[in-house]
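These notes are about the structure you will find just below.
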Amino acid sequence: YSHTWQISEPNEFDIMLVMPVSRLQLDECDDTGAYYYLTFKRNPKEKYLYKFLDEDGKLSAFKMLQALREIIKREVKNIKNVEVTVKRRKAGSPAITLLIKNPPAEISVDIILTLEVQQSWPPSTQDGLKIEQWLGRKVRGEFRNKSLYLVAKENKNEKVPRGNTWRLSFSHIEKAMLNNHGSSKTCCESDGPKCCRKGCLKLLKYLLEQLKMTHTKELEKFCSYHVKTAFFHSCVMWPNDADWRSGDLDHCFQKYLDYFVDCLQKSHLPHFFIPRYNLLSPEYKASSNFLLELINKEWNNGFPVFQE
């Protein structure tokens with residue numbers, strides 16, 4: 001998302017390749033409320049997508065990603081002035097990654113196949129996005145009227161993955177919330193009061209990034225989305241701009257980190273848009289405990305990771 005929320009030198013970028021689709025039948029494929037099988041309603045306009053249906057008539061994420069990968073590989077060969085390569089497919093990943101060799105740094109670009117559907121959000125999202133006290137009821141209504149995004153993503157809970165699951169994505173709403181994050185309209189505008197929300201998110205993202213660099217295997221289950229989800233929940237718990245004054249970065253960061261630590265201890269971090277979907281389900285327990293130890297060590301030593 002927006003580069004202004006990046007931490008250190010940005011060298012990783014996400015691009016959503018959005019395909020509009022008229023109407024789809026969504027069927028939950030597990031109890032998270034995040035993963036779905038997609039089938040077409042009667043007589044869809046998108047006849048060209050028929051070749052991507054599997055034998056059960058479900059839209060195959062695997063087939064579509066495979067076709068897109070071939071197109072990208074073909075096009076990359078035509079790029080002459082820069083060295084661009086397509087990374088090998090990572091099992092279960094919704095992205096096709098391009099590596100761009102460009103001194104002084106290598107840049108990686110994730111292309112994410114996304115379906116945009118003009119229909120109401122599924123029931124699993126009904127009690128999510130609790131932003132009424134923070135951004136207002138009207139804004140919540142506007143967000144929920146926006147299109148539904150689905151990304152080609154394998155569901156790890158499936159006993160036999162068949163590459164036909166899609167996961168809800170709210171990155172377009174998340175970006176809007178990050179860019180207009182104040183309870184007042186003028187928060188962080190050039191002539192408005194400044195807050196430290198952005199600073200807090202950047203700090204916790206940086207902390208996790210650094211810990212992952214030194215403990216890659218133990219923390220492989222964690223990603224910046226856990227940090228971002230905890231951030232949105234914190235914005236709801238402390239909804240006013242006065243709770244995030246720019247001069248209170250130290251205090252606000254500790255408050256936000258305290259909440260994240262509490263989530264790790266309880267093994268419970270509800271998805272911001274799909275409350276019944278726990279992003280720290282039981283299989284995270286060992287990793288959560290390991291991360292807790294590392295965070296406590298940092299905290300007790302005055303966060304040496306930020307001094308480096």
Side-chain angles (χ1 to χ4, degrees), residues 1-2 14-75 89 92-96 109-129 131 137-155 157-158 161-177 179-180 225 271-277:
Y1 46 87
S2 176
D14 289 350
I15 295 174
M16 294 186 96
L17 185 66
V18 179
M19 285 183 66
V21 181
S22 48
R23 281 189 72 74
L24 288 168
Q25 170 73 37
L26 274 66
D27 294 302
E28 289 187 18
C29 68
D30 65 5
D31 55 7
T32 62
Y35 290 89
Y36 291 82
Y37 297 123
L38 306 181
T39 48
F40 283 112
K41 304 254 179 171
R42 280 194 308 274
N43 301 322
K45 293 183 201 144
E46 296 81 13
K47 300 274 191 282
Y48 62 91
L49 290 177
Y50 276 8
K51 60 175 177 273
F52 300 117
L53 298 178
D54 66 12
E55 63 274 16
D56 299 326
K58 296 187 181 87
L59 192 56
S60 169
F62 177 75
K63 284 183 182 179
M64 286 187 76
L65 277 176
Q66 218 173 16
L68 179 60
R69 176 177 282 274
E70 289 311 311
I71 294 167
I72 291 170
K73 277 163 101 171
R74 200 167 61 232
E75 291 304 317
R89 180 179 170 266
S93 168
I96 294 165
V109 179
D110 279 354
I111 297 171
I112 298 156
L113 176 63
T114 310
L115 302 180
E116 180 184 14
V117 197
Q118 300 281 348
Q119 64 192 56
S120 54
W121 294 11
S124 63
T125 64
Q126 195 59 52
D127 297 323
L129 191 61
I131 58 171
R137 183 165 277 117
K138 184 168 170 252
V139 173
R140 183 179 189 267
E142 287 167 4
F143 283 158
R144 285 187 58 87
N145 280 330
K146 289 190 184 294
S147 304
L148 195 59
Y149 278 19
L150 292 133
V151 295
K153 178 74 174 142
E154 204 170 89
N155 182 1
N157 296 333
E158 278 197 313
R162 292 171 57 201
N164 60 3
T165 54
W166 297 77
R167 189 184 65 198
L168 293 179
S169 168
F170 301 93
S171 55
H172 53 319
I173 312 292
E174 289 159 9
K175 184 177 175 180
M177 291 194 297
N179 289 340
N180 299 292
Y225 197 72
H271 190 289
F272 194 66
F273 297 82
I274 310 165
R276 73 173 195 235
Y277 180 22

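Below, all heavy atoms of this structure are taken into account, side chains as well, without hydrogens, waters or symmetry copies.
Put simply, the side chain of Glu116 never gets that close to the backbone of Ser147: no donor and acceptor are under 3.5 Å apart. Counting only distance, with no hydrogens or angles, the side chain of Asp30 and the backbone of Thr32 share a donor-acceptor pair below 3.5 Å.
A search for salt bridge (charged side-chain N to carboxylate O under 4.0 Å, His left out) contacts involving Lys51 returns nothing, not counting sequence neighbours. Listed by chain and number, the residues in a side-chain hydrogen bond (donor to acceptor under 3.5 Å, both in side chains) with Arg276 are Glu28 (sequence neighbours excluded). Under the ring-ring contact (aromatic ring centres under 6.0 Å, His included) criterion, Tyr225 pairs with His271, sequence neighbours left out. For Arg167, the salt bridge (charged side-chain N to carboxylate O under 4.0 Å, His left out) test picks out no residue, with sequence neighbours left out. Applying the salt bridge (charged side-chain N to carboxylate O under 4.0 Å, His left out) test to Glu142 and every residue at least two apart in sequence or in another chain returns Lys138. Partners of Asn145 by side-chain hydrogen bond (donor to acceptor under 3.5 Å, both in side chains), not counting sequence neighbours: none found. Listed by chain and residue number, Trp121, Thr125, Gln126, Leu129, Arg140 satisfy the side chain to side chain contact (heavy atoms under 4.5 Å, CB included) test with Arg144 (two or more places apart in sequence, or in another chain). Remark: Tyr36 engages Ser124 in a side-chain hydrogen bond (donor to acceptor under 3.5 Å, both in side chains) (not counting sequence neighbours). Checked against ring-ring contact (aromatic ring centres under 6.0 Å, His included), Tyr35 has no partners two or more places apart in sequence or in another chain. Residues forming a side-chain hydrogen bond (donor to acceptor under 3.5 Å, both in side chains) with Asp27 (at least two apart in sequence, or on another chain): Gln25. Checked against ring-ring contact (aromatic ring centres under 6.0 Å, His included), Phe143 has no partners two or more places apart in sequence or in another chain.
If you take OG on Ser169 and NZ on Lys153, they are separated by 12.0 Å, rounding to the nearest 0.5 Å. Separation of atoms CE (Met16) and NZ (Lys175) is listed at 10.5 Å; rounding is to 0.5 Å. The distance from the CG atom of Leu113 to the CG atom of Leu150 is 10.5 Å, given to the nearest 0.5 Å. Here Leu24 contributes atom CG and Thr39 contributes atom OG1; the two are 7.5 Å apart, rounded to the nearest 0.5 Å. Separation of atoms OG1 (Thr114) and CH2 (Trp166) is listed at 8.5 Å; rounding is to 0.5 Å.
Closest approach of Ser22 to Val117, counting heavy atoms only: O-CG1, 3.6 Å.
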Donor-acceptor pairs are to be reported for all side-chain atoms of residues 62-74 against protein atoms at under 3.5 Å, with residues two or more places apart or in another chain.
from: Lys63; atom 1: NZ; to: Leu53; atom 2: O; distance (Å): 3.0
from: Arg69; atom 1: NH1; to: Lys87; atom 2: O; distance (Å): 3.0

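The shortest distance between side-chain heavy atoms of Leu17 and Ile96 does not fall below 4.5 Å. Contact annotation: the side chain of Leu168 never approaches that of Tyr149 to less than 4.5 Å [non-hydrogen atoms, C-beta and beyond]. Side-chain contact between Pro122 and Ile274: absent, with no pair of heavy atoms (C-beta onward) separated by less than 4.5 Å. Side-chain contact check for Leu115 versus Leu59: some heavy-atom pair is nearer than 4.5 Å. Looking only at side-chain heavy atoms (C-beta outward), Phe272 and Ile131 come within less than 4.5 Å of each other.
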### Task
Start with the C-alpha distance between Val139 and Met177, add both sets of side-chain angles, then the distance that settles side-chain contact (heavy atoms from CB on, under 4.5 Å), and finish with yes or no.
CA-CA 10 Å; Val139 173; Met177 291 194 297; over 6 Å; no

### Derivation and outcome, side-chain contact (heavy atoms from CB on, under 4.5 Å), residues Leu26 and Leu148
CA-CA 11 Å; Leu26 274 66; Leu148 195 59; 3.7 Å; yes

